[in-house]
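Remarks on the structure that follows.
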Amino acid sequence: MTDKEVQQFVILDGKKTSREIEVEIAEETRKLVPVVGRPPHLAAILVGEDIASRTYVKSKFKACKRVGFKDTLVTFDASVSQETILGKVAVFNNDPGLDGYIVQLPLPDHISVEIVTDHIDPKKDVDGFTPANFGKMGLPDPSLLPATSRGIMELLARYDIDTRGKHCVVVGYSHIVGSPVSILLAGPGKATVTVCHIYTKDLAFHTRQADILVVAVGKPNLITCDMVKDGVVIVDVGINRIPDSSAKRGYVIKGDVDFENVADKCSHITPVPGGVGPMTIASLLLNTLDAYKRAHQF
Ligand code: GUN
């Protein structure tokens, strides 16, 4: 697109929206702290040296500080045993001064994500990954929702994008994003949902049908302009580090969508970075606030 052309599409600005949500959270927190006697408290377990995981956790704790939450980080070497992690999980489950915690993924291969997740107290599961919370997501009275999916639904709602009756195509079926967001879109979102994944035969056939396209694969430029229809709403969940020697950090962050060539066909599109990522963090804070309020009978 040249400078002279008028930008037709609306950017779904996750950074701005998440900051608005943070202001609301900070306001509510300020009112509740004198009543409860302490602020909401979020903890994270971080295993190994994965740079991206460290960056994500750092961003989550910076956000905690902005809204007045207490935060606690527990780190382990990549060689830590599963028993040690389960021991920490048990300590966190039994700590009345802690409202919610996450185990940052990925974990080293010798530690089972399923076993660790299964031991997290659902009341403190602010990632919304435990079987109890995941299962309740499809019931009339859900509990803590998976954070990224909650963030996507919140972002669409705050831009007045009605999902009811729309055809939503979700690409990717991970338990972190693709699977839960498809459930939320089809359930509370009242959308017609198509889920695509690695075995889908003609991906472009399906993506071209989408009124709303959610892409959560982790493959840069997976979605090109010939794969979408005019007026589509695109939510790009991908976070891919592309080596770039001209960039200050030696890499740039790109989503799964070829933004430069696709955006002009969209009515709305999330940028990467600054789209879904900040909304995941805002949802983590919302879940922590919900857990805190429930623990104190609000
Ligand atoms: N790794 C990538 N995304 C997430 C997330 O939302 N939560 C956790 N715990 N780990 C992640």
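First listed ligand is number 1; within each ligand, the first listed atom is number 1.
A salt bridge links Arg150 with Asp290; the closest basic N to acidic carboxylate O contact falls under 4.0 Å. With respect to Arg19 and Asp13, no salt bridge is recorded, no charged nitrogen being found less than 4.0 Å from a carboxylate O. Note on Asp211 versus Lys229: salt bridge recorded, some NZ/NE/NH1/NH2 to OD/OE distance being below 4.0 Å.
Contacts of Tyr56 with ligand 1, taken as heavy-atom pairs under 4.0 Å, are absent altogether.
In terms of N/O distances under 3.5 Å, ligand 1 is not approached by Ile102. Between Leu105 and ligand 1, a contact under 3.5 Å exists for at least one N or O pair.
A distance of 10.0 Å separates NE2 of His167 from CG of Leu213, quoted to the nearest 0.5 Å.
For atom 6 (O) of ligand 1, the nearest protein heavy atom (residue, atom name, distance) is Asp127 OD1, 3.8 Å. Shortest contact from atom 4 (C) of ligand 1 to any protein heavy atom: Gln104 NE2, 4.1 Å. Annotation: atom 3 (N) of ligand 1 to nearest protein heavy atom, Ile176 CG2, 4.2 Å.
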Run Glu27 and Arg30 through salt bridge (Lys or Arg N to Asp or Glu O under 4.0 Å) and show every step you take. CA-CA 5 Å; Glu27 178 103 16; Arg30 250 195 315 278; 3.7 Å; yes
